[in-house]
K.L.:
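A single structure is presented below for examination.
Just so you know, these numbers come straight off a predicted model, no measurement behind them.
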Amino acid sequence: MHILEESKVFSKFLLKSLSHEFSVMANLMTILSQRTVRERAALSLLILHNKYKSKNNIAENVYITLSRVDLANM
């Protein structure tokens, strides 16, 4: 907390970053709430694939182990 009080630039940057992340999360929740269970599962898997794919080889498969509980909590 001390750094936030000391640096106005850092606190402004942090607030801007957090508000952007909140907006992204709110938009994703809105999109997912209007979809069926299968569509939500497919979108979640696509998001995970895009997040963890190799930048060098786009066609490469991504292997992610998820339990039913993990998938349901997405």
Side-chain angles (χ1 to χ4, degrees):
M1 289 305 232
H2 180 65
I3 187 122
L4 292 176
E5 294 169 359
E6 292 289 320
S7 175
K8 290 186 180 195
V9 174
F10 179 71
S11 61
K12 188 181 257 187
F13 172 77
L14 184 61
L15 183 60
K16 188 174 182 178
S17 295
L18 288 173
S19 65
H20 172 73
E21 291 299 322
F22 181 77
S23 296
V24 169
M25 183 186 69
N27 287 338
L28 182 62
M29 287 175 58
T30 302
I31 290 168
L32 291 178
S33 69
Q34 298 170 355
R35 305 287 181 207
T36 65
V37 172
R38 286 185 180 198
E39 290 173 330
R40 287 194 306 263
L43 283 170
S44 295
L45 291 173
L46 285 172
I47 290 168
L48 286 172
H49 180 268
N50 285 334
K51 185 172 186 173
Y52 294 109
K53 70 182 175 186
S54 173
K55 293 180 181 8
N56 298 333
N57 189 357
I58 296 173
E60 182 180 334
N61 289 335
V62 176
Y63 296 98
I64 301 170
T65 304
L66 293 172
S67 68
R68 284 181 162 213
V69 173
D70 292 336
L71 196 55
N73 288 332
M74 294 175 127

K.L.:
Can you name the side-chain contact (heavy atoms from CB on, under 4.5 Å) partners of L28, sequence neighbours left out?
P.N.:
L32, I47
K.L.:
The criterion is side-chain contact (heavy atoms from CB on, under 4.5 Å); which residues satisfy it with F10, sequence neighbours excluded?
P.N.:
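Once residues adjacent in sequence are excluded, the partners of F10 under the side-chain contact (heavy atoms from CB on, under 4.5 Å) criterion are I3, L4, S7, L14.
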K.L.:
Decide yes or no for V37 and R40: does some side-chain heavy atom of the first lie under 4.5 Å from some side-chain heavy atom of the second?
P.N.:
yes
K.L.:
Under 4.5 Å between any side-chain heavy atoms of L45 and H49, yes or no?
P.N.:
no
K.L.:
With sequence neighbours left out, write down each residue that passes side-chain contact (heavy atoms from CB on, under 4.5 Å) with S67, or none if nothing qualifies.
P.N.:
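Partners of S67 by the side-chain contact (heavy atoms from CB on, under 4.5 Å) criterion, ordered by chain and then number, come out as V69, D70.
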K.L.:
Looking at residues at least two apart in the chain, or sitting in another chain, which of them share a side-chain contact (heavy atoms from CB on, under 4.5 Å) with Y52?
P.N.:
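For Y52, the residues satisfying side-chain contact (heavy atoms from CB on, under 4.5 Å) (neighbours in sequence not counted) are L48, V62, I64.
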K.L.:
Taking C-beta and beyond as the side chain, do M25 and M29 meet within less than 4.5 Å on heavy atoms?
P.N.:
yes
K.L.:
If you compare all heavy atoms of E39 against all heavy atoms of T36, which two are closest, and at what distance to 0.1 Å?
P.N.:
OE1-N, 3.0 Å
K.L.:
Show which residues join L46 in its hydrophobic cluster (side-chain heavy-atom contacts under 4.5 Å, direct or indirect), or state none.
P.N.:
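Reading the cluster by chain and number, L46 sits alone, since nothing else belongs.
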